[in-house]
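Read the numbers this way: they start at 1 and go in the same order the structure lists the ligands and their atoms. Every heavy atom of this structure was used, including side-chain atoms; hydrogens, water molecules and symmetry mates were not.
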Amino acid sequence: MKTLEIPTFECETGNYHTFCPISCVAWLYQKIEDSFFLVVGTKTRGYFLQNALGVMIFAEPRYAMAESEEGDISAQLNDQKELERICLRVKDDRNPSVIIWIGTRTTEIIKMDLEGIAPKLEKQLGIPIVVARANGLDHAFTQGEDTALAATTHRCPEYNHRTTNQQKGDVVKHIVVDVVSDDKSLDEGGKSNRCNLVLFGSLPSSVASQSNLESRRQSVSVSGWLPSQRYTELPALGEGVYVCGVNPFLSRTATTLMRRRKCQLVGAPFPIGPDGTRAWIEKICLVFDVKPDGLEERENQIWKNLSDYLDIITGKSVFSMGDNLLEISLARFLIRCGMVVYEVGIPYMDRRYQAAELLLLQHTCEKMKKPMPRIVEKPDNYSQVQRMHELQPDLAITGMAHANPLEARDIDTKWSVEFTFAQIHGSVNARDALELVTRPLRRKSDSVLGLDCRSLSRQTVDV
Ligand code: SF4
């Protein structure tokens, strides 16, 4: 285990399990109420979606597959004609405000020109068509949302800063990503900019309103969300608009917002856990030149309410195999809870976008006197399992492929995918996050008292 103060990054083979990024349709179609998602690809994707999304598929979801056949792949059929036929049906049946095409590995490999066809059909059908290349070749799991949001960014209306902001000098041109820098210089016009805060990242509406409330408590009001509840309510973007991410996997969206829409990024840690939420709000306050009010007391109160969970996990060790990009924020939160994190696997690490989070991780390790976890980008699951055999962590956060085999070898596991779908953002949801983490550990203590079902599947292995 490393005991370095500065995080070091390792990179392995990328031979790991994760969900295909097209799975983002599962939560995005629910978030954007007037959207329809069309996944363009072969049957493999259909099977994956049907299996991964479980019972949701029986609830007439607003997504479908445009299944490519032999004729599409050998170009005997005309891509545009085929897509037109399907989109017309979608329009007649559901009348959505937007159709989002999700490109897959198939469309990449056969070079289907989705971006070229979309504007033509858009004109013909009179419905906006957004193209997101959420394929498994380039991306992992949650990055699917990143590609969809980055594509949607271009459809947001233009923010007219001249009419809202009298002084042109107030508009800050450079980008705030350096968390340690003094941001005072940015904000001569801070007060007048106060309402131009757009948060990006898809959260369930109850969690989004909690975040709105948290920032309103500090007299910073959120002017919009990307994505919004409805496609027709996308927030205005442009010079003078500050944007802040709520999820660590949205680096492409952040880059597009800065480069293409000229927004200013507030580089903050992510609002996961009471510590992350406080740091997140504090950074926003700093940018808007607002003095944070009562944040420390509020955080302490929440930690006090979590004491029953903390008793279970303090001093326990955890190994996170990595598949959804939430790993760094989660590790930082768990270290703050008193756990030792041996390793954090992560599919892709944007050090610039996650700079503030990495810094907070570093501070948290110092504060809690815990070693800095080893951060492994593009992990190799085979090597990770070997390392786990040596380290024998109390808990492994892992995908479904490894969960049962590890359980059978006496390592408790938590399915990582649950952190993506559960509500873990904001201070108020810290209990839910810890409920997930502690469940396997509590199950173990229950089985010590009563029946130990795990012995049924336990095997002896010589390593
Ligand atoms: S795009 Fe790649 S990862 Fe996704 S379902 Fe197809 S083959 Fe699998």
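- Among the atoms of Gly41, no N, O or S atom falls under 2.8 Å of atom 6 (Fe) of ligand 1.
- Below 4.0 Å from some heavy atom of Arg105 lie the following atoms of ligand 1, by number and element: 1 (S), 2 (Fe), 3 (S), 7 (S).
- Given atom 4 (Fe) of ligand 1, the protein heavy atom at minimum distance is Cys20 SG, 2.2 Å.
- Taking the six-membered ring for Trp and thresholds of 30 and 60 degrees, Phe421 and Trp27 have ring planes more than 60 degrees apart, a perpendicular arrangement.
- Here the heavy atom of the protein found nearest to atom 7 (S) of ligand 1 is Arg45 NH2, 2.9 Å.
- Contact check on Arg89 versus Glu82 returns no salt bridge, with no Lys/Arg side-chain nitrogen under 4.0 Å from an Asp/Glu carboxylate oxygen.
- The pair Arg336-Asp275 does not meet the salt-bridge criterion, since no charged nitrogen lies less than 4.0 angstrom from a carboxylate oxygen.
- Using cut-offs of 30° and 60° on the angle between ring planes, the pair Phe48 and Phe19 is perpendicular.
- For the pair Ala356 and Ala268, the tightest heavy-atom approach, listed with the atom from each and the gap, is CB-C, 3.5 Å.
- Counting atoms of ligand 1 from 1 in the listed order, those under 4.0 Å from a heavy atom of Gly136 are 1 (S), 2 (Fe), 3 (S).
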